[in-house]
Amino acid sequence: MTTRTDRMPPLSRRDFLAASAAAVAVGHLPNILPQVSGSRTSGTDSRPRQISKNLFVLEDTCNVYVIRDGEHGVLIDFGSGAILKHLSAMGVTKIDWVLHTHHHRDQAQGDSLAVQRGIPIAVPAHERYLFEDVERFWRNRRIFELYQVRNDFFSLTADVPVSASLYDYDRFDWRGHEFLIQPTPGHTIGSVSLLTTVDGKKIVFSGDLIFAPGKVQTLYDLQYYYQEHEGVDFSIYSLAQLCTAEPDLLCPSHGREFADPVPGMQELATKLREWFRYWHPGGSPPTIDYEPVEIAPQLFAHPQAASAFYALISKSGKALFVDYGSASWDFFQAFRDATDTYDRMRFVEHAIDKLKAKHGLKSIDVAIPSHIHDDHVNGFPHLARRYGTKIWCYENMVEILENPRGRNLGCLLGEPIHIDRSFRHNETFRWEEFEFTVRHSPGHTEYEMAMFGTVGGTRIAFTGDAFLNYDKKAMRHNLIYRNDTKTGDYVQSIRSLAEMQPAIIAPGHGESFPVTTDMIRDFELRVEKQDTLFRELIADADADVGLDPDWVQIYPYQAIAVRGRSTAMQLRVRNHRHTDLTLEMSLSLPAGWRSTPERVNLRVPAGGEASTSISLVVPLNWSGPNERRAIAADVMANGIHLGQIAEAVVDVRSAADRKKVLLPGSARNDS
Ligand SMILES: [Zn+2]
Ligand SMILES: [Zn+2]
Ligand SMILES: [Zn+2]
């Protein structure tokens, strides 16, 4: 990942505070109660209105829609629960589901009544924690020193049990009716729209994305981070997706349903674009406008995406992607920072429609990560699910991508990615009419490759985040200890690049650039200097000891322990020293937990690695709740007590929970 440089803050914080104070001083205060135009007959005695034969709406704290099938019904959102007393008048005896478009309190404040009646509740996957784990959310929500101003304050006040997650791009089936779950972030980060057919009409239940043609109900919901307008960017994206679906009728959560909604959505998108430009004069356009750039025949770059990604389109129409992450910095940052600790960064599809329409893409055959980081692989699970894309990677990435709970490294995506093929160092492979060579390229992270090949007569190197160039002058590098980095890594990678003699570097961020021997020499000198400084700064003669926070690891770092069963774990050691190490280790555990064996001995050769198995048992009758606990490894090395220098976390579950989603809002099932 990287940091944004392309946007000027519109107003400094000090100017902003001064301006606000002035506004208050002259009594220029906004209306607190919006005077919403619309059809609300409202109050507690409002009655449902029939929209079509099997579609009804009750204007409650939000619009509650009822879809009827015989005596069965499904509710879209639930409001105060007032709908329950009107069902018999509609001939509905059983509500099979409540499907929520988003987590706001006015959508769900009556949910406990649904639970009392045994009605299951399904919620957007990325907002699940704001239903079933909302009490923890409130314990942890920062209020002082507030910059994450996202309106998740409009969340429920008490936990509500959730029966199902609505996953983006999935289909939810109800009695043969299919609801397509379209991600429509904007009004909230995790909002979804539900597309289905009722009484022969294509209907979209769009939550609070749009209130009426050309209107939103609130702007404040469209701001997540202090003085940003990410929700505006998101809404423009989401409206475009819903326009593509060409619904006959749009049913909003507030405001009145309207037919032939595409022009009304386009009108809103146009106004939001103007608002976006107003705040980003001369800056980047809304995400939806990013265009692929052809950097060599058949090779398209997306330098404006959060991480640059590349689509090589063969003559057959098959595509090979190098990286495919978040659509833009807004999508990356908001989905990363404004979501729950246990949530997985949301991903929405981007660019593929343009590659299809303008550049002949027919299928996405293969995707290859330059390295393991979330900003580069965030779209891979989507590619595999939706397009059957095969994932190939460098061999040392396989374990990490397939089991992201194993390690505690920087920028790991929480969702496992199945790998179909792996490459060894210096392996050459053919794909369609192209040939590439893969080389290990450590430094930014140990789990990174450089891929070299000739496209349209130009030698190109795909190098991920190893060699970045923002100012078109010098290649830059960075250093993140949590990514597994050693002395000599960058020197190895730049010498490898020099050997392979590419003309152009296709980097992991920013635009492609021609690489010169001067640039390579300067880079090499700079990273040699880094190694010198490492040795000068670190007390230990074996400097890598001071660069590796994880030379002793409990594996997996995020374990799942089922009460009464044993959990297989490992203790792994990397010996950075030039002498052998003899280790004696034991796990420090919560009272009542056991490990077998209790103590382990391990001999690790100089400069080598070793591991040993250990099993962990949380007793069946352990009285603690289902929760996350930390454990540590107490380590004695060559007779010196180093203490608890390694740790891991254990998510305790009962056997019955094993098949459920393991963490609120987390990736699909057992990740
Ligand atoms: Zn990156
Ligand atoms: Zn990276
Ligand atoms: Zn809302």
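Note: hydrogens, waters and symmetry copies are ignored here, and every other heavy atom, side chains too, is used. Counting convention: from 1, in listed order, for ligands and their atoms alike.
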Exercise. Angle at the Zn ion (ligand 1) between NE2 of His376 and NE2 of His509, to 10°?
Worked result: 100°
Exercise. Is there a donor-acceptor pair closer than 3.5 Å between any side-chain N or O of Tyr237 and the backbone N or O of Phe331?
Worked result: no
Exercise. Hey, what's the ring geometry for Phe309 with His302, parallel, tilted or perpendicular (30° and 60° as the breaks)?
Worked result: parallel
Problem set entry | Chi angles and distances behind the salt bridge (Lys or Arg N to Asp or Glu O under 4.0 Å) call for Glu257, Arg49 | CA-CA 11 Å; Glu257 76 277 0; Arg49 183 163 51 77; 2.9 Å; yes
Exercise. Of all residues at least two apart in sequence or in a different chain, which pass the side chain to side chain contact (heavy atoms under 4.5 Å, CB included) check with Ser253?
Worked result: Asp77, Thr101, His102, Gln107, Asp208
Exercise. Protein N, O or S atoms at less than 2.8 Å from the Zn ion (ligand 3), how many?
Worked result: 4
Exercise. Can you tell me if an N/O/S atom from Asp375 lies under 2.8 Å from the Zn ion (ligand 2)?
Worked result: no
Exercise. Mind checking whether the Zn ion (ligand 2) has an N, O or S of Cys411 under 2.8 Å?
Worked result: no
Exercise. Hey, is CD on Glu511 packed in by over 12 heavy atoms from elsewhere, all under 6.0 Å?
Worked result: no
For this session: Of all N, O or S atoms in His444, identify the one at the shortest distance from the Zn ion (ligand 2).
Result: NE2
Exercise. Once the angle between the rings of His373 and His371 is folded into 0 to 90°, is it parallel (under 30°), tilted (30 to 60°) or perpendicular (over 60°)?
Worked result: perpendicular
For this session: Compute the angle centred on the Zn ion (ligand 2) spanning ND1 of His373 and NE2 of His371, and express it rounded to 10 degrees.
Result: 90°
For this session: Determine whether Phe321 and Ile368 make a side-chain contact, defined as any pair of heavy atoms from C-beta on separated by less than 4.5 Å.
Result: no
For this session: Could you pull out the atom name of the N/O/S atom in Asp465 that is nearest the Zn ion (ligand 2)?
Result: OD2
